[in-house]
Protein chains: 2
Amino acid sequence: MENDEGPARGDITIEAVLAALDHPLRLRVVRALAATREMTCQEILPEVTKSTASHHWKVLREAGVVEQRREGRYLYLRLRRDDLDSRFPGVVDAVVLG
Amino acid sequence: MENDEGPARGDITIEAVLAALDHPLRLRVVRALAATREMTCQEILPEVTKSTASHHWKVLREAGVVEQRREGRYLYLRLRRDDLDSRFPGVVDAVVLG
DNA sequence: GTAACAGTTCGATTCAAGTCGTACAATCGG
DNA sequence: CCGATTGTACGACTTGAATCGAACTGTTAC
């Protein structure tokens, strides 16, 4: 199936990344993922409903900020740090170090 | 009077910067200011009304992205590149080159 | 002084984004 | 197979940001 893994490295735009990061919950997701290698969805945003969380995964995925790996019924999220650092050096660090 | 020049370097937050940059017009302002030293307000956004433009200056100013210098009745805007580069290295470059 | 100009502020409107609930698809466990 | 669980898709509601017009302040020019 569609490894719907978002844009290729070269197609990541700064506009989409900025829009994706301009939200407190998504910012928390990125910071959490920067600290851990991988995380399942519900580990990160326990306070919102599934549909809301899913919406935020989608925004982050389509912006090229995260990628996902499916294992059974669980979904593991990972920060696309190499791609982001290669395309927009310093941006992830700025967000993580805050 | 009120040199209402926005936050001091150390008080600039990445959240406010991201929010300020997450808008097509403000992004254009930053890119234009990065290319030129200074610009008057209307040089940058001729297509919107004064009140709309003023709103965007305010967002950029309060986020610490730009500073302004008054000369008579004209307002000159300048990108706070040193402050931003010092606090969040790479972010301005990502936006400008992006 | 007065008229013109630059920018801010306020209120009202419009519109996109976030949120949730429900229904659905897919997977695992019995 | 059947029920429980994980995540998605869709529609509806709500909230906040963007936009504009009008009124106001301050400055320049005559």
Side-chain angles (χ1 to χ4, degrees), chain A residues 1-7 13-33 36 38-79, chain B residues 1-7 13 15-30 32-33 36 38-79:
Chain A
M1 340 235 59
E2 16 41 34
N3 233 352
D4 179 7
E5 285 297 359
T13 68
I14 189 64
E15 286 86 352
V17 172
L18 291 172
L21 297 180
D22 181 24
H23 191 282
L25 290 182
R26 293 195 292 261
L27 203 56
R28 253 184 43 206
V29 171
V30 170
R31 284 172 169 155
L33 287 175
T36 316
E38 278 186 330
M39 281 180 107
T40 65
C41 288
Q42 6 185 37
E43 290 183 294
I44 316 184
L45 294 179
E47 77 234 43
V48 296
T49 62
K50 297 185 298 175
S51 48
T52 297
S54 182
H55 164 68
H56 290 305
W57 311 148
K58 189 176 186 178
V59 175
L60 289 167
R61 203 189 320 132
E62 293 182 343
V65 176
V66 305
E67 60 190 350
Q68 55 191 21
R69 181 176 63 85
R70 175 149 225 131
E71 191 168 318
R73 44 184 166 168
Y74 295 95
L75 213 55
Y76 289 85
L77 297 185
R78 209 167 43 201
L79 188 61
Chain B
M1 312 262 87
E2 16 47 31
N3 235 347
D4 179 5
E5 285 297 358
T13 68
E15 287 86 353
V17 172
L18 291 172
L21 297 179
D22 181 24
H23 191 283
L25 291 182
R26 292 194 293 260
L27 203 56
R28 251 183 44 205
V29 171
V30 170
L33 288 175
T36 316
E38 278 185 331
M39 281 180 108
T40 64
C41 288
Q42 3 185 36
E43 290 183 296
I44 316 184
L45 294 180
E47 78 234 43
V48 297
T49 62
K50 297 185 299 176
S51 50
T52 298
S54 182
H55 164 67
H56 290 306
W57 310 146
K58 188 175 186 180
V59 174
L60 288 167
R61 202 189 322 135
E62 293 183 344
V65 176
V66 305
E67 60 189 353
Q68 56 191 19
R69 181 176 64 86
R70 175 151 226 130
E71 191 168 319
R73 46 185 165 171
Y74 295 94
L75 215 55
Y76 288 86
L77 297 185
R78 211 168 41 202
L79 188 61

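Sequence lines set the chain letters: A, B, ... in the order given, protein chains first and strands last, and positions in each chain run from 1.
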Practice prompt. Looking only at side-chain atoms of B:Arg61, point me to the closest of C:dT8, D:dT8, D:dT6.
Written response: C:dT8

Discussion item. Closest approach to the side chain of B:Arg73, judged atom by atom: which nucleotide of C:dG7, D:dT27, C:dT19 is it?
Written reply: D:dT27

Discussion item. Counting only side-chain nitrogens and oxygens, does A:Arg26 get under 4.0 Å of the OP1 or OP2 atom of C:dG18?
Written reply: yes

Fill in: Atom-pair distance (OH on A:Tyr74; C1' on C:dG29), nearest Å
11 Å

Discussion item. For C:dT19 and A:His56 - does any side-chain N or O of the residue sit under 4.0 Å from the phosphate oxygens OP1/OP2?
Written reply: yes

Worksheet item: Salt-bridged, B:Glu15 to A:Arg31, with N to O below 4.0 Å?
Response: yes

Worksheet, complete the sentence: Walking DNA chain C from its 5' end, the first of B:Arg70 and A:Asp22 to be reached, judged by nearest nucleotide, is B:Arg70

Worksheet item: Roughly how far, to the nearest 0.5 Å, is NZ of A:Lys50 from CH2 of A:Trp57?
Response: 13.5 Å

Worksheet entry | Phosphate OP1/OP2 of D:dG16 contacted by A:His23 side-chain N/O (<4.0 Å) | no

Fill in: Main-chain N/O of B:Gln68 paired with B:Glu5 side-chain donor or acceptor, under 3.5 Å
yes

Worksheet item: For DNA chain C, which residues in residues 44-55 of chain B have a heavy atom at a distance below 4.0 Å?
Response: B:Lys50, B:Ser51, B:Ser54

Item to complete: Please round to the nearest 0.5 Å and tell me the distance separating atom CG of A:Leu27 and atom CG of B:Leu18.
Response: 6.5 Å

Discussion item. Rounded at 0.5 Å granularity, tell me how far CG in B:Leu33 sits from CD in B:Glu67.
Written reply: 10.5 Å

Worksheet entry | Any donor-acceptor N/O pair, A:Arg70 side chain to A:Gly72 backbone, under 3.5 Å | yes

